S.K.: 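Take a look at this one; I'll ask things after.
None of the values given here were measured: they were computed from a predicted structure.
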Amino acid sequence: MIDAIIVDDEPYCTEALAILLQRYCPQVSLKGSYHSASEALGAIREQKPQLLFLDIEMPRTNGFELLEKIKDLPFELIFTTSYDQYAIKAIRFSALDYLLKPIDREELVRSVQKVEQRLRSPLPQQIDLLFQKLQSPAQLFTRIAIPTMEGLQMVAVDSIIHCTSDSNYTILSLKDRQRVVASRTLKEIEELLEDYSFARVHHSSVVNLNEINKYVKGEGGYLVMSDGSSVNVSRSRKEGLLKKLQPNKP
């Protein structure tokens, strides 16, 4: 069983999440629900839950401020939040999970399953990565955390040649013929890389623009990458790609 605590200032959201956990996540044992960071702080330190569902937008002390006070403790974390582009970008960067309100049942089940996997091989640097990104949102970090079935793998951004969709997973092709299978969709990986020199060129492919050796014409055409691999370009994305490759062309 995974011992869990919910921290959310909205009682309705807390009750709804508790019901979803009871019905669809039997591996989670809910040990308490708290409606403010001040209430939760002592309980978290005393009970030391394995999993914390943490709301971000709370009065007086928000979720990030509470997290700062307890980051020395070992626990898994799933944020619950309304849409906040700035916060979500930082969360994605650190490979932590989040659920948008109202919480979807299937997304909750997937997040809890990921927690089960991570409990086998935790990486406490995730919270440090989160605060680095929150404190320096404009800074481009050279390495990012990629979630895999075994845990997390730190990957140098400039080592990624292209990313290919494989259902709910993404295959990252790296230099030196290495491959990393990320337990994230291509859309999630694309969002993680959006501040870097990457582009979606096909519904199933994202490429590193710095690793393109050649563009070959065609209805959509295709790219020859630095490792010799070929990546198809969809007709609908061809024009946008060519503009990126020839930014000064009128």
S.K.: For K71, I'd like to know if atom NZ has over 12 heavy atoms of other residues, nucleotides or ligands within 6.0 Å.
M.R.: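 Counting neighbours around NZ of K71, more than 12 heavy atoms of other residues, nucleotides or ligands fall under 6.0 Å, so yes.
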S.K.: Given 3.5 Å as the limit, does a donor-acceptor pair link the side chain of R177 with the main chain of D227, or not?
M.R.: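 Between the backbone of D227 and the side chain of R177 there is a qualifying donor-acceptor contact (under 3.5 Å).
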S.K.: How far apart are the closest heavy atoms of E106 and D104, and which atoms are they?
M.R.: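 Taking every non-hydrogen atom into account, N-OD2, 3.1 Å.
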S.K.: Step through it carefully: locate the ring centre of Y34, locate the ring centre of F53, and say whether they are under 6.0 Å apart.
M.R.: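 Not close enough - the centres of the two rings lie 6.0 Å or further apart.
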S.K.: Are the side chains of L52 and I78 in touch, meaning some heavy atoms are under 4.5 Å apart?
M.R.: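 In short, these two side chains do not touch, never coming nearer than 4.5 Å.
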S.K.: Ignoring hydrogens and angles, tell me if any N or O in the side chain of E188 forms a donor-acceptor pair with the backbone of R184 under 3.5 Å.
M.R.: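 Checked: no pair found.
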S.K.: Checking K175 side chain against D158 main chain: does a donor-acceptor pair fall under 3.5 Å?
M.R.: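 A pair under 3.5 Å: yes.
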S.K.: Work out which heavy atom in N208 is nearest to a heavy atom in M225; give both atom names and the distance.
M.R.: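 In this case the closest contact between N208 and M225 is O-CE, 3.7 Å.
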S.K.: Distance-only, no hydrogens or angles: does the S205 side chain make a donor-acceptor pair with backbone N or O of V201 under 3.5 Å?
M.R.: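 Absent.
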S.K.: Only one of S197, S226, S173, S229 passes side-chain hydrogen bond (donor to acceptor under 3.5 Å, both in side chains) with E211; say which it is.
M.R.: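 Exactly one pass, corresponding to S226.
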S.K.: Look at the side chain of S159 and the backbone N and O of A156, then say whether any donor-acceptor pair between them is shorter than 3.5 Å.
M.R.: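 Yes, the answer is positive, given that a donor and an acceptor are paired below the 3.5 Å cut-off.
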S.K.: Which heavy atom of L193 sits nearest a heavy atom of C163, and at what distance?
M.R.: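 Looks like CD1-SG, 4.1 Å.
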S.K.: I'd like to know if the side chain of D166 reaches the main chain of Y169, judged simply by a donor and an acceptor atom lying under 3.5 Å from each other, with no hydrogens or angles considered.
M.R.: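 No; judged by distance alone, with no hydrogens or angles, the pair does not exist.
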S.K.: Identify the heavy atoms of I5 and Q47 that sit nearest to each other, and give their distance.
M.R.: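 Scanning both residues, the minimum pair turns out to be CD1-OE1, 3.9 Å.
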S.K.: Looking at side-chain heavy atoms only, is the closest gap between L223 and L241 below 4.5 Å?
M.R.: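 Sidechains of L241 and L223: in contact.
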S.K.: Tell me, yes or no, whether the heavy-atom count around Y222 atom OH, taken from other residues, nucleotides or ligands under 6.0 Å, exceeds 12.
M.R.: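 Open: at most 12 neighbouring heavy atoms sit under 6.0 Å from OH of Y222.
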S.K.: Look at the side chain of D3 and the backbone N and O of Q50, then say whether any donor-acceptor pair between them is shorter than 3.5 Å.
M.R.: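 Answer holds: no.
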S.K.: Between K101 and D55, is there a donor-acceptor pair closer than 3.5 Å when you use the side chain of the first and the backbone of the second?
M.R.: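 Here the side-chain-to-backbone pair does not exist.
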S.K.: Minimum heavy-atom separation for L20 to R105, with atom names?
M.R.: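 Closest pair (atom of L20, atom of R105, distance): CD2-CB, 4.3 Å.
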S.K.: Counting distance only, does the side-chain N/O of S165 pair as donor-acceptor with the main-chain N or O of S204 below 3.5 Å?
M.R.: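 Here the side-chain-to-backbone pair does not exist.
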S.K.: Assess whether atom CD of Q22 is packed by more than 12 heavy atoms of other residues, nucleotides or ligands within 6.0 Å.
M.R.: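 Atom CD in Q22 is not packed in, count stays at 12 or less.
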S.K.: Salt bridge check: are R45 and D72 linked by an N-O gap of less than 4.0 Å?
M.R.: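 Between D72 and R45 there is a salt bridge, with a charged N closer than 4.0 Å to a carboxylate O.
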S.K.: Counting C-beta onward and ignoring hydrogens, is there a side-chain heavy-atom pair between V224 and Y215 closer than 4.5 Å?
M.R.: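 Of all side-chain heavy-atom pairs linking Y215 with V224, none is under 4.5 Å.
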S.K.: Which heavy atom of A145 sits nearest to which heavy atom of L192, and what is that distance?
M.R.: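 What the structure gives for the nearest pair is O-CD2, 4.2 Å.
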S.K.: Give a yes or no on whether the backbone of K243 and the side-chain of Q246 come within a donor-acceptor separation of less than 3.5 Å.
M.R.: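 No; judged by distance alone, with no hydrogens or angles, the pair does not exist.
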S.K.: Using a strict threshold of under 4.0 Å (side-chain N to carboxylate O), is an ion pair present between D9 and R60?
M.R.: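 Salt bridge: no.
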S.K.: Could you tell me if S82 and E57 have a donor-acceptor pair between their side chains, going purely by distance under 3.5 Å?
M.R.: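 Short answer, no.
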S.K.: Below 4.5 Å, heavy atoms only, C-beta onward: do T148 and V181 meet side chain to side chain?
M.R.: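 No. Closest side-chain heavy atoms not under 4.5 Å.
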S.K.: Can you tell if the side chain of I171 reaches within under 4.5 Å of the side chain of V180, non-hydrogen atoms only?
M.R.: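 Side chain of I171 against side chain of V180, heavy atoms only: no contact under 4.5 Å found.
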S.K.: Establish, from distance only, whether the side-chain atoms of S234 and H203 form a donor-acceptor pair under 3.5 Å.
M.R.: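 The answer is no; no qualifying pair exists.
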